[in-house]
Amino acid sequence: MSTRKLLSTTHFHPIPLIVRNSIQLVQNCTTPPNPPFIPKGPSVLATTLIKSYFGKGLIGEARTLFDEMPERDVVAWTVMIAGYTSCNNHTHAWMVFCEMMNEELDPNAFTISSVLKACKGMKCLSYGRLVHGLAIKHGLDGFIYVDNALMDMYATCCVSMDDACMVFRGIHLKNEVSWTTLIAGYTHRDDGYGGLRVFRQMLLEEVELNPFSFSIAVRACTSIGSHTFGEQLHAAVTKHGFESNLPVMNSILDMYCRCSCFSEANRYFYEMNQRDLITWNTLIAGYERSNPTESLYVFSMMESEGFSPNCFTFTSIMAACATLAFLNCGQQIHGRIIRRGLDGNLALSNALIDMYSKCGNIADSHQVFGGMSRRDLVSWTAMMIGYGTHGYGEEAVELFDKMVRSGIRPDRVVFMAILSACSHAGLVDEGLRYFKLMVGDYNISPDQEIYGCVVDLLGRAGKVEEAYELIESMPFKPDECVWGPFLGACKAHTFPNLGKLAAHRILDLRPHMAGTYVMLSNIYAADGKWGEFARLRKLMKRMGNKKETGRSWVEVGNHVYSFVVGDEVGSKIEGIYQVLENLIGHMKESGYVPDLDCLIYDLEDGT
DNA sequence: GTAGGGTTAG
């Protein structure tokens, strides 16, 4: 007998395991009444169970039970839609809604607001507009939950905030959620000023402020990088008595970190009277961006205080290991990720690809990439960058085409990755083909960085004059992203006049870039212009301008040894000079001739 | 028995 039949009868029947377990589950959640528990009705019981299943992530069980229900009312359908959305399965939520419409059931305000959340999750404006039409048809626009969900959907799916604002203006009795949804709409699209304008309006209209409004307003300050506004809001948070609200405190901590106010962030962190995992993750992520060593230290402190890391923590730690090239540490954390069963997490896998690649282990990057059951644009980009930096241009090209075939639309960053890969592998024609594809087929307008990649592509291959023609043809004034690689090409392929031009353009834009002075003085030296060479070096000394020293590091056992040219490291790491000799031997065999001139000039200057 | 806005990553 099917569960559908079983639920539709009041007679005694052997109960299938799934329903017996489900009834047990409900009975465990409530105080058993006396006389024995009698469910209100099969539909209500099943609906409760479905919600409970979704809450535990048991999506398959929820669907089976729903399919077996004899009668499915609007509440049951809504629970399914909301359940799928709560598990980030927006496509299934939408499919359930379509099924419901096919059965000619009328949606209510709960259904509409739930399915709008699914449209938002899918970022699908056309579906959202369709639901808006249905809401009007059923007289459900005007319900505050529906209007707020409409605003949220339009704010997420539209190019501009116009539609969201139109819905907002049409709400007669706006509540706090209406206001915070509008602020969040601006803020999440990185329009912090827009978000703060709405927040100010909220203050002027004397809308009651709550922790939600403060945390999103603080996020708006963060997005514009204004710690001045952030500090004012921090004071306002205290004035309104929300200084002990943990999400608000976490957003303030995040603001100080992202505005690079680390002494304030640190002080604030130590003064916090309560901390949760998000607090620690915020500080770890904050340090990861500017001081990865410190982020590893905070991580160890977090564990010693008994907090267990999650996907967010591990992602930041992986990024820190990548920046520091701590392969051993990264491998150990990877082991922990596998033991914790977190290796299926998309963002974490993306961070692992990046970590292995930046630590020089491209084979393991490839292994992580190959083992992923789901990949997004970031996964493909990380792998392509890995191939590119390791000189595997053809593999990167192959990967790009495979990605497009899998249905993922490339963005600006992927094009930068593929152009850079072609550039380092000398694949000039391939690179130029991608440049044309980007503009022609994908309608992406090249910006400074993209032009910089194409100039680098041409320049590295010795096509310096073509690179210059490209710069001349740019529709806007080139900046250092373009002149920088061009200068490198002029130096490498001995085009002193164009090199001087590039260096002067960079110095006009960035007068304190020591590397440019060094490069320019070396161009003068190579051209025999010793007077100019000496003048520039004196100028640098007068300005106190010193080129940042190139630093290398090597991980041996549990230690990381860091050194600059001339450091005595031999006593610390036996055999390092032997390895160096081997490397030099390989380089000579490959026909590499070092540019000793530059080295001599740098040493003469003591830099 | 059903629906909302805020904090951490890539």
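In what follows, every chain begins at residue 1, and chains take the letters A, B, ... in the order their sequences are listed.
- For A/Ala347, the side-chain contact (heavy atoms from CB on, under 4.5 Å) test picks out A/Asn345, with sequence neighbours left out.
- Heavy atoms of A/Asp73 sit under 4.0 angstrom from at least one base atom.
- Picking from B/dG4, B/dT2, B/dT8 the nucleotide with the shortest atom distance to the side chain of A/Ile144 gives B/dG4.
- Across the protein-nucleic acid pair, A/Leu346 atom CG and B/dG10 atom P stand 13 Å apart, rounded to whole Å.
- If you check every strand for non-hydrogen atoms under 4.0 Å, A/Glu288 touches sugar and phosphate atoms only.
- With hydrogens and angles ignored, no donor-acceptor pair closer than 3.5 Å exists between the side chain of A/Thr181 and the base of B/dG5.
- Note on A/Arg275: nothing from the nucleic acid sits closer than 4.0 angstrom, heavy atoms only.
- The side-chain heavy atoms of A/Thr64 and A/Tyr53, taken from C-beta on, include no pair separated by under 4.5 Å.
- Between A/Trp179 and A/Ser213, the closest side-chain pair of non-hydrogen atoms is not below 4.5 Å.
- Judged by distance alone, with hydrogens and angles left aside, A/Ser215 brings a side-chain donor or acceptor within reach of the base of B/dG6, the pair sitting under 3.5 Å.
- Taking a 4.0 Å limit (strictly below) on heavy-atom distances, residues 227-249 of chain A reaches DNA chain B at A/Asn245, A/Pro247, A/Val248.
- Heavy atoms of A/Ala149 sit nowhere under 4.0 angstrom from any nucleic acid atom.
- Under a 3.5 Å cut-off, the side chain of A/Ser365 and the backbone N or O of A/Ile353 do form a donor-acceptor pair.
- A/Asn148 comes within contact range of at least one nucleobase, with a heavy-atom separation under 4.0 Å.
- Between the NZ atom of A/Lys120 and the C1' atom of B/dG4 there is a distance of 9 Å, given to the nearest Å.
- One can find a donor-acceptor pair under 3.5 Å joining the base of B/dA3 and the side-chain atoms of A/Ser113.
- Among the heavy atoms of the strands, none lies under 4.0 Å from A/Asp354.
- Here A/Tyr145 packs flat against the base of B/dA3; its ring centre is closer than 5.5 angstrom to the base's six-membered ring, tilted by less than 30 degrees.
- One donor-acceptor pair, N or O on each side, does fall under 3.5 Å between the base of B/dG4 and the side chain of A/Asn175.
- Each of B/dG5, B/dT7, B/dT2 was ranked by its minimum atom distance to the side chain of A/Asn108; first place goes to B/dT2.
- A cation-pi contact, defined as under 6.0 Å to the ring centre and within 45° of the axis, links A/Arg72 to A/Phe66.
- With hydrogens and angles ignored, the 3.5 Å screen pairs no side-chain donor or acceptor of A/Asp354 with any backbone N or O of A/Ser357.
- Scanning atom types as modelled, no donor and acceptor separated by under 3.5 angstrom connect the side chain of A/Asn250 and the base of B/dG6.
- Counting non-hydrogen atoms under 4.0 angstrom, A/Ala76 reaches a base of the nucleic acid.
- Straight-line distance from the CD1 atom of A/Ile216 to the P atom of B/dG5: 11 Å, rounded to whole Å.
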